[in-house]
Amino acid sequence: MAYPYTHEKEVRLLSRGWGDPASRTLEGWKALGGYEGLRKAVEMSRDEVIGVVKDAGLRGRGGAGFPAGVKWSFMPKEKKGPHYLCCNADESEPGTFKDREIMRWTPHQMIEGCLIAAYAIQAEHVYIYCRGEFFETNEIVGRAVEEAYEAGLAGKDILGSGVDIDVTVHVGAGAYICGEETGLMNSLEGRRGLPRVKPPFPAASGLFGKPTTINNVETLSAVPHIVVNGAEWYRQWGTEKSPGTKLFCVSGHVKRPGNYELPLGFPLKELIHGVCGGLREGRKLKAVVPGGSSVPFLNAAECETCSLSYEGVVEAGSMLGCASVMVMDDSTNIVKQVRRTVDFFSHESCGQCTPCREGTTWLARILKRIETGRGTEEDLETLLDLGDQMTGTTICVLSDSAAAPVRSSIEKFRDDYLALIRRGEKVGAA
Amino acid sequence: MAENSQTPESVTLTIDGRAVTVPKGTTILQAAEALGNRIPHYCYHPGLSAPAQCRLCLVEVEGAPKLQPSCITEVQDGQVVLTESEEATRQRTGVLEFYLANHPLDCPICDQSGECKLQDYVHAEGRKHGRSREPKRVFGRDDFGGDILFYGDRCVMCTRCVRFMNEMAQDPRLTVVERGNRSIIDTFFEEGVEGSPYAGNIVDICPVGALVSKDFLHKARAWDLDHKPTICPNCSQGCNIDLHVRDNRVQRLKPRANLEVNQYWMCDYGRHRYEWMNRDDRIESPVVNRSGQPVPSDWSEALEALHGRLEEGVRPVKAVASPFASNEDLAALRHLVDALGGGEIVYRLPRADREIPLPGFPRLSRRRDLAPNGRGAEILGMERVGDDEGAGGLDELAHYTGTLVVLGDELADLEADFGQQAALYIYVGSHPSPAASQADYLLPATTFAEQEGTFTNHEGRVQRFWPGLQAPGLARPAWLVLGALAARMEGGGVPTSAAEAFVQAAELAPEFQGLTYESIGTRGAIINEPVALPGA
Ligand SMILES: Cc1cc2nc3c(=O)[nH]c(=O)nc-3n(C[C@H](O)[C@H](O)[C@H](O)COP(=O)(O)O)c2cc1C
Ligand code: SF4
Ligand code: SF4
Ligand code: SF4
Ligand code: FES
């Protein structure tokens, strides 16, 4: 049987080879057409490589959806010192488990993407920053990098092109904030993983103060396919503003949770009820968090029409983020879900910014009170107000991320909060 | 905006409706300060890097999508900044409420109370009633070693202390451990900051009562302290400092900003050497020794008698001065010695075996010369004698048979027979000692802390200081006492102020010429290059 679950609606571009341990090896990856992209890229000019990625409209898969080709074009054309590429493999957003699968089954896919990107931006060194808890995965990636070196695909004079690109795998120590791009760079430099104030942006001053591009694993893994097959080919999937395929990590109350690779713009409803086999018997859909724990909730009505593209999810009232779809049926205690999410952010806040350091914990405590029947209606106003104070006021967006589910859940599921508050009042009165 | 009003390097913007022109590269926070508008801030400190993390200083900048951190946002031409807009005020109130959510509010027992930036800001712009009903986080107290105690619950996590140790002391002994709301400042090793020679500054820059001095702990309330500007007397660097005084006693020393001398800092060696200014054993009134019988006297009587003695004729003069005395005092001594026919003046100066520079600003260094005015004594033609302890070197003078004048040197290492063979022994100083107290004329002088004056530091910067303490009894500045005597001998005028005494000093030393108290101001002024006299 193929990778845990597959579905006929899937377009398995990045997930091709998943489930087959053979694809982990260099030979296996080559059998799937691997390293043709790199071979082709080094024969192209750097601008041509950037051009095709731009034309393909590939958007960053790490959460913000920024066009990858445009990001690459911010790098200085004239090289004055080292350039670096960081591959963000710190995947820690709750509900997200796609990068791990890429690395676990097709590590060369990512490495090839890294090498092409590094070539395009004139980076002599790629740092793959891996999440500390991915023990098995990190071993697989390490082995694949060794293979790439042995085969002359990485290191000196790759594929006889005269270009040198080193690849280093760096394993983090288990902090979500090290996935934030500049926190990651600080961590790589051996400092505390504190996000940096931007500007300066990484393309001007990134890792070790040098021009740096950072991309997500999935973003980079799409690059070889685009280089081999062209922009038009890639654009056969997805929408005008969100071209290509995307890995959707579906978790929660569906019959077949898992990773599904689908064209962007796929209907959310069909993902839940078709691809994932629907909800459990007798249950109704209550809420969906479509993009990882940082994004607002969608209620059942909003899910009806939501199309899973960057613009479609915004239209529906949330964000696509990294396309981690958490499905909740009517058995869900929304307040508890929100509290657990905020607990996570409170635990993971780096603690630099006052609104985030103090706000995340405060939100979590109020939520815990409400959850355990000790809340008041006033608390809801406080939650909303604190959330406002935490939005747009900090160095990175972790703070905003913690506030988003609180606001959206109070707006969309106020009755759930009120029920807990009222029940608590009754218990208290009795 | 008038274009001709600008040089290429300057930028004109408006802050809360007022136009201000500042050099390019200035931050909004600094530009606002130029207008007298102090935007609340914690993490920013002018002497350190700016991490922009406290988020207290955010202001509205027209055209920007969100509030901007004024501490790092550079001004731009035509920029319109609003620090008092609804959004900016709301931001500050909000951040302050976040601080209070976990702050212990133990102001009644906190040393910072009264000079605390959290108190100040919350009083100004905090919510009337905090909304937090949650239990507060508790960290407790930690001994950071040396003079420093850490009250974790009061910390606002501005990281100024960590950055001072990293960037200025370059002795990274503090760090933030843990993250998020569990973040806390900690030391790496048991000894903490013990022995780090500039660590005391972290107490000064801590905006709240999280870092406090053990020496000062519960000693005085901030609002009871008078801040008296002066110069640190403990080495020749001449750090600008304030005496913090209560009940006519110095309670602690704090650095005062002078960007050219000590920036915002001072060393711990200097910081902890103030107790002597509070010494109670003082020479409080003039004493005339008549054939071994000390007779307390008043000024007119004593000076009258001394003058009479001098009129009778003077044996050749030799004098001992002190590098702890002001330029004015030293000049008055030189003046008197000259009036008495001239003679050699020596001084003794304790000397450390090494300098202790502040690595982040090496212009500031605890100098080897452990006195504030050795340079002044040199300028006035005095000669250093003795050893590095500031002792010895006076054996010959001890048995001198001419006229002997001592200014300020306590003569602590000398016996009671010092000066007993002198034809006339005049002692002007503040503390009694066996060798001093036997003088024919024992004249009480103020310490530098009780008088106005100037010191000349190691680089030749003349810096003013002001009286911080009231002098005991009849003690008077030495420039007045010696100046009065010299005037009587020469018929000149008696200086009526330290400023006038300095004018007289300038008449004696070309290095001081052209300098006045006005031109020295609060920042100090460098002396003139010594002019080589033709044929000298
Ligand atoms: C708190 C926080 C955590 C993040 N964690 C990750 C992560 O684990 N993996 C990731 O790829 N991007 C993460 N990001 C996004 C990165 O900052 C960055 O936008 C991304 O790596 C850029 O790659 P892309 O343009 O290819 O999406 C995080 C962002 C924030 C604010
Ligand atoms: S928003 Fe939170 S996580 Fe991001 S830098 Fe500030 S404190 Fe750290
Ligand atoms: S101890 Fe003081 S200076 Fe250090 S981080 Fe805390 S509040 Fe800031
Ligand atoms: S460096 Fe010298 S002048 Fe400055 S505080 Fe230390 S002892 Fe005083
Ligand atoms: S002073 Fe500007 S953010 Fe702290």
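These values consider heavy atoms only, across backbone and side chains, with no hydrogens, waters or symmetry-generated copies. Just so we're on the same page: letters track the sequence lines, and every chain starts at 1.
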Does B:Glu191 have more than 12 heavy atoms from other residues, nucleotides or ligands lying within 6.0 Å of its CD?
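More than 12 heavy atoms, drawn from other residues, nucleotides or ligands, come within 6.0 Å of this atom.
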Can you tell me if CD on B:Glu178 sees more than 12 non-hydrogen neighbours from other groups inside 6.0 Å?
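Yes, enclosed.
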If I measure from the heavy atoms of chain B, does [X] come under 4.5 Å with its side chain, its backbone, both, or neither?
X: A:Leu386; result: both
X: A:Ser346; result: backbone
X: A:Arg196; result: neither
X: A:Arg365; result: both
X: A:Glu378; result: neither
X: A:Leu194; result: neither

For this session: For chain B, find which of A:Pro355, A:Gly351, A:Gly193, A:Pro199 contributes the most heavy-atom pairs closer than 4.5 angstrom.
Result: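 Of the options given, most contacts go to A:Pro355.
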What residue in A:Cys350, A:Ala175, A:Gly392, A:Gly359 has the most heavy-atom pairs under 4.5 Å with chain B?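 With the most close heavy-atom pairs to chain B, the winner is A:Cys350.
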- Item | Intermediate values then yes/no, side-chain contact (heavy atoms from CB on, under 4.5 Å), A:Glu358 and B:Leu100 | CA-CA 9 Å; A:Glu358 304 295 336; B:Leu100 292 184; over 6 Å; no
With only heavy atoms counted, which part of [X] is less than 4.5 Å from chain A, the side chain, the backbone, both or neither?
X: B:Ser132; answer: both
X: B:Leu56; answer: neither
X: B:Val156; answer: backbone
X: B:Pro51; answer: backbone

Within the 4.5 Å heavy-atom criterion, are [X] and [Y] side-chain neighbours or not?
X: A:Gln352; Y: B:Met157; result: no
X: A:Arg357; Y: B:Phe98; result: no
X: B:Glu134; Y: A:Lys368; result: no
X: A:Thr361; Y: B:Arg137; result: no
X: B:Arg133; Y: A:Asp379; result: yes
X: A:Thr360; Y: B:Asn181; result: no

Mind checking the [atom1]-[atom2] spacing from [X] to [Y]? Nearest 0.5 Å is all I need.
X: B:Asn102; Y: A:Trp362; atom1: CG; atom2: CH2; value: 9.5 Å
X: B:Gln53; Y: A:Ile395; atom1: CD; atom2: CD1; value: 6.0 Å
X: B:Arg55; Y: A:Thr393; atom1: CZ; atom2: OG1; value: 7.0 Å

task: Search all heavy atoms of B:Arg127 against all heavy atoms of A:Asp385 and return the closest pair with its distance.
output: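 Smallest heavy-atom distance, with atoms named: NH1-OD2, 4.4 Å.
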**Report entry** Side chain B:Arg179, main chain A:His347, donor-acceptor under 3.5 Å
**Finding:**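 Here the side-chain-to-backbone pair exists.
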With chain A as the partner, which of B:Arg90, B:Glu97, B:Lys66, B:Gln68 has the greatest number of non-hydrogen pairs under 4.5 Å?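 Heavy-atom pair counts peak at B:Arg90.
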